[in-house]
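Contents: one structure, followed by commentary.
Naming convention: chains lettered A, B, ... in sequence-line order (proteins, then strands); numbering from 1 in each chain.
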2 protein chains.
Amino acid sequence: MIESAPRPPEGTGAALIEAGLKLFGKQGFSGTSTREIAALADTNVASIAYHFGSKDGLHTACAAEVARRLSAVATPSVPPDPTPDEARAILDSTLRALAGFLLTSPAATDVAPFILRLLGSGPDEAMTTLYASVIEPKHREFCRLWALATGQAPESESTRLAVFAAIGQLVYFRVGLPVVTRRMGWGRIGAAEAGAIADTVAANLHAAIERSRVP
Amino acid sequence: MIESAPRPPEGTGAALIEAGLKLFGKQGFSGTSTREIAALADTNVASIAYHFGSKDGLHTACAAEVARRLSAVATPSVPPDPTPDEARAILDSTLRALAGFLLTSPAATDVAPFILRLLGSGPDEAMTTLYASVIEPKHREFCRLWALATGQAPESESTRLAVFAAIGQLVYFRVGLPVVTRRMGWGRIGAAEAGAIADTVAANLHAAIERSRVP
DNA sequence: CAGTATTGATCAATCGTTTGATTAAATCAA
DNA sequence: TTGATTTAATCAAACGATTGATCAATACTG
């Protein structure tokens, strides 16, 4: 059963979710024991069953928390009737905000690996929830902005794929961060490194928009 | 038993690697039991210890097999002194070949999830091997081609990031395939769908090259 | 026969979950 | 305000099941 209303976390339950988010993301679901989670949350193993029913229940709760945090970001404020240039500027700033979150925010360091694990596990319940509540609506909104910026149809195949490609670059930099940092010779990701990545992605965004613009 | 399936490598060891590749990628390392692997490989559990020493040994062997398969792809034949347009054409065809492999090849359906798990597990030995033997050399070669196509420095920060972004789009489409197929309303990825994705990525590649070209 | 490969059985360790006891706060009756 | 009772939450301990690993015995092969 999925709780539709995301509640603000507090107490032992919240500590368990935070611990689960961190450990599930770092070691995977099967790779994390309930005792390990309880230890990190500084509570007893039985608390998991008490608050969430089971280990699976905790995992579902963690996915809901991820959806909650993701919704907090990437919510652009769109003026009522944006011009093409305005739409492009909104896409640019939203993409940069997303880059800052994914690459530097402490909240993302727990959230991002967790989502990565979800993706690899195929379409289970947690993934379906995350898709319906965050991914699909955001992607649809981006498609609308893309259409306004380029003049193309919002839900055409090329538009949807172009938006995926634009976001995909960013997601890849987060997913492949271990690879990227090694190749770039970076010790860790700071504001400067995140800025360089954001510039690259933003430049590609503008080039792609310019290219698919209809006269 | 089921022996009709085309199995290029032969012997129990090869069957174990193939089973490990499939199950490790699908369920993760900890999520896969040695008995499950042995059952899929149609052999005894003890065979794993006999051939690879331990479960970890089998996992390392699987990573080596992944590196072997990856090296087989994405090896562009570069003429001795390519013109900018030739370099761009090589990048284009290589990217399309990579798209075909990642999205449609049966070999990739086992390899790709395995690598994804590897990425999420941080910089361990298997990831280091894969990086040194495949990722780093390929990326460096792409950077050289990018430099030839745009006139920029091969190892500049912007070049390396641009190449990452170009490849990243493609990798994302593979990583986020469950999400993409759902949003696109695709049942599964066929030649047409892979072609549409390859066109999108290739279009972005050309736009990015055009944009960063120095006169 | 000698050497390689495979098998079924068994090991201690760890897994997720359940249990009954314990505590502190909330609720009720007089 | 009292004292009794209920409820929510946490705890240590133990449960059966499963894990990776091990080993002697067996089968295959040249």
Atom-to-atom span, CZ of A:Phe52 to C1' of C:dG16 - whole angstrom: 16 Å
A:Asn44 (side chain) and D:dA12 (base): donor-acceptor pair under 3.5 Å: yes
Selection from D:dT19, C:dT6, D:dA14 that lies nearest to any side-chain heavy atom of A:Arg35: D:dA14
Sugar-phosphate only, base, or nothing, as touched by A:Val45 at under 4.0 Å among non-hydrogen atoms: base
Interatomic distance where CG belongs to A:Leu16 and P belongs to C:dT17 [whole Å]: 13 Å
Heavy-atom check, side chain of A:Phe173 versus side chain of B:Leu161, under 4.5 Å: yes
Which nucleotide in D:dG20, C:dT6, C:dT18 has an atom nearest any side-chain atom of B:Tyr50: C:dT6
Atom pair distance, as rounded to whole Å: CD1 in B:Ile48 and P in D:dA21: 9 Å
Flag side-chain contact, heavy atom, 4.5 Å: A:Thr200 against B:Phe164: no
Listed nucleotide nearest any side-chain atom of A:Ala46, set D:dT10, D:dG20, D:dA12: D:dA12
Ion pair A:Lys26/A:Asp110, N-O distance below 4.0 Å: no
5' precedence on DNA chain C between A:Ser30 and B:Thr43 (nearest-nucleotide basis): B:Thr43
Cationic N near anionic O, under 4.0 Å, A:Glu155 to A:Arg140: yes
Rounded distance in Å - NZ (A:Lys55) to P (D:dT18): 15 Å
Heavy-atom check, side chain of A:Tyr172 versus side chain of B:Leu170, under 4.5 Å: no
Separation of atom NE2 in A:His51 from atom C1' in D:dA9, rounded to whole Å: 6 Å
Touch class at under 4.0 angstrom, heavy-atom based, for A:Thr34 against every strand present: base
Nucleotide D:dA21, atom C1' - distance to CG of B:Leu58 in whole Å: 14 Å
Separation of C:dT7 C1' from B:Asp42 CG (nearest whole Å): 13 Å
